[in-house]
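Working notes, structure below.
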Amino acid sequence: MSRIGKKPVSVPSGVTATVSGQTVEVKGPKGALSFTATDDVTLTLDEGQVSVKPRGTSKRARQQWGMARSMVANLVEGVTKGFRKELEINGVGYRAAVQGSILKLQLGYSHEVNFDVPKGVTVTTPKQTEIIIEGIDPQLVGQVAANIREWRRPEPYKGKGIKYKDEYIFRKEGKKK
């Protein structure tokens, strides 16, 4: 039994959810999202709650059960609160600035890195060494954060690079004489 899949997803006030076949559409104050589940699960909407049930007892149906419920919960959370990732930049001369829909990064290369911010995501830089990525789609927010981090991953000796705010960088000791 999926412990996650057993719980129905409650739809808060101000949010409308519609289920048509295998597709769930959720509209809220921040926008609208949809998810199409596989044929291994059944989606139902009753009394302001979306519930997910597996079709059969196969391993794939049990796997999709919890995953589909998590996806529906992410839709509801995305249109109400939204998702957010915070990045930190460490290093002398490393900085970030937003100009329109382009994030300009100076990361110790001979050139400035221009990162085009995709639609559906907002990127802000409250400080030169902080980047905040916000949006309603958790997959898109996480992917944008990973793509930005990929330009200069933190290295273990001095910790220079772009890291997630809550990430711990395992530090190594340098050479000894």
Side-chain angles (χ1 to χ4, degrees), residues 1-38 40-54 62-90 96-105 115-151 153-154 161-169:
M1 290 285 289
S2 172
R3 293 180 186 193
I4 294 171
K6 283 192 280 187
K7 299 176 190 169
V9 179
S10 62
V11 179
S13 61
V15 176
T16 59
T18 56
V19 176
S20 58
Q22 295 299 100
T23 304
V24 178
E25 289 186 28
V26 180
K27 292 180 183 147
K30 290 199 176 241
L33 290 171
S34 67
F35 167 68
T36 304
T38 61
D40 296 314
V41 295
T42 306
L43 300 166
T44 56
L45 174 68
D46 49 298
E47 299 170 11
Q49 292 185 332
V50 178
S51 57
V52 181
K53 301 273 188 259
R62 287 181 283 131
Q63 290 170 343
Q64 295 296 319
W65 183 19
M67 195 269 307
R69 190 264 179 206
S70 295
M71 292 296 287
V72 172
N74 282 345
L75 296 182
V76 172
E77 186 179 343
V79 298
T80 54
K81 291 186 255 177
F83 292 94
R84 173 186 179 120
K85 291 272 186 184
E86 295 182 22
L87 299 174
E88 256 180 21
I89 301 175
N90 294 323
V98 176
Q99 290 182 346
S101 66
I102 295 176
L103 176 67
K104 294 187 176 283
L105 299 167
F115 181 81
D116 292 325
V117 179
K119 290 183 177 150
V121 174
T122 58
V123 175
T124 56
T125 53
K127 295 183 197 169
Q128 289 183 336
T129 58
E130 281 185 19
I131 303 171
I132 297 175
I133 303 149
E134 296 174 310
I136 61 172
D137 185 5
Q139 195 276 329
L140 186 60
V141 169
Q143 189 62 53
V144 169
N147 290 346
I148 292 171
R149 183 181 181 271
E150 194 66 27
W151 279 103
R153 282 183 276 165
I162 302 173
K163 70 178 191 86
Y164 296 107
K165 191 153 198 145
D166 57 351
E167 181 180 10
Y168 174 75
I169 304 300

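Given the structure is predicted, the values throughout are model-derived calculations rather than measurements.
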Pro154 vs Asn90 side-chain heavy atoms within contact, under 4.5 Å
no
Residues Val117, Val144; criterion side chain to side chain contact (heavy atoms under 4.5 Å, CB included); working and verdict:
CA-CA 8 Å; Val117 179; Val144 169; 5.6 Å; no
Heavy-atom closest pair, residues Thr125 and Ala97:
OG1-CA, 4.0 Å
For Arg84 and Ile132, indicate whether the former's side chain and the latter's backbone hold a donor-acceptor pair under 3.5 Å.
no
Closest approach of Gly82 to Lys30 (non-hydrogen atoms, all atoms of both residues)
N-CD, 4.0 Å
Regarding Glu130 and Lys165, does a basic nitrogen lie under 4.0 Å from an acidic carboxylate oxygen?
yes
Looking at CE of Met71 and OG1 of Thr36, how far apart are the two atoms once the value is rounded to the nearest 0.5 Å?
9.5 Å
Can you check whether Val11 reaches Val50 side chain to side chain, under 4.5 Å on heavy atoms?
yes
Report the distance from atom OG1 of Thr124 to atom CD of Glu86, rounding to the nearest 0.5 Å.
9.0 Å
Any side-chain heavy-atom pair from Lys163 and Ile169 closer than 4.5 angstrom?
yes
Is Ile4 atom CD1 crowded by more than 12 heavy atoms from other residues, nucleotides or ligands, each under 6.0 Å away?
no
Measure the shortest side-chain to side-chain distance between Ile136 and Leu75 over non-hydrogen atoms and say whether it is less than 4.5 angstrom.
no
Side chain to side chain contact (heavy atoms under 4.5 Å, CB included) for Ile148 and Leu87? Distances and angles first, verdict last.
CA-CA 9 Å; Ile148 292 171; Leu87 299 174; 3.7 Å; yes
Basic-acidic side-chain contact under 4.0 Å: Glu167, Arg149:
yes
NZ or CZ of Lys104 within 45° of Phe115 ring axis and under 6.0 Å:
no
Polar side-chain atom of Glu134 near backbone of Thr122 as donor-acceptor pair, under 3.5 Å
no
Is there a donor-acceptor pair closer than 3.5 Å between any side-chain N or O of Trp65 and the backbone N or O of Val41?
no
I'd like to check Asp137 versus Phe83 (side-chain heavy atoms, cut-off strictly below 4.5 Å). Are they in contact?
no
Nearest heavy-atom neighbours spanning Lys85 and Gly142:
CE-CA, 4.2 Å
Please tell me if the side chains of Val15 and Val26 come closer than 4.5 Å, counting only heavy atoms from C-beta onward.
yes
Rounded distance (nearest 0.5 Å) linking atom CZ of Arg69 with atom CD of Gln64:
15.5 Å
When you measure from the side chain of Gln143 to the backbone N and O of Leu140, does any donor-acceptor pair fall under 3.5 Å?
no
Would you compute the distance between atom OG of Ser101 and atom NZ of Lys119 and round it to the nearest 0.5 angstrom?
9.0 Å
Walk me through whether Asp46 and Ser51 qualify under side chain to side chain contact (heavy atoms under 4.5 Å, CB included).
CA-CA 8 Å; Asp46 49 298; Ser51 57; 4.0 Å; yes
May I ask you to test the Asp40-Pro54 pair for a side-chain heavy-atom distance under 4.5 Å?
no
So CD1 of Ile89 and CD1 of Ile162: to nearest 0.5 Å the spacing works out to 5.0 Å
Between the side chains of Thr23 and Ser34, does any donor sit under 3.5 Å from an acceptor?
no
Passes side chain to side chain contact (heavy atoms under 4.5 Å, CB included), Gln22 versus Thr38? Steps please.
CA-CA 7 Å; Gln22 295 299 100; Thr38 61; 5.7 Å; no
Specify the closest pair of heavy atoms between Val79 and Gly31, including all atoms of both residues, with the distance to one decimal.
CG1-O, 3.4 Å
Please give me the minimum heavy-atom distance between Ala96 and Leu105, naming the atom from each residue.
CB-CD2, 3.6 Å
I want to check something: taking the side chain as every heavy atom from C-beta on, are Ile133 and Val121 in contact at a cut-off of under 4.5 Å?
yes
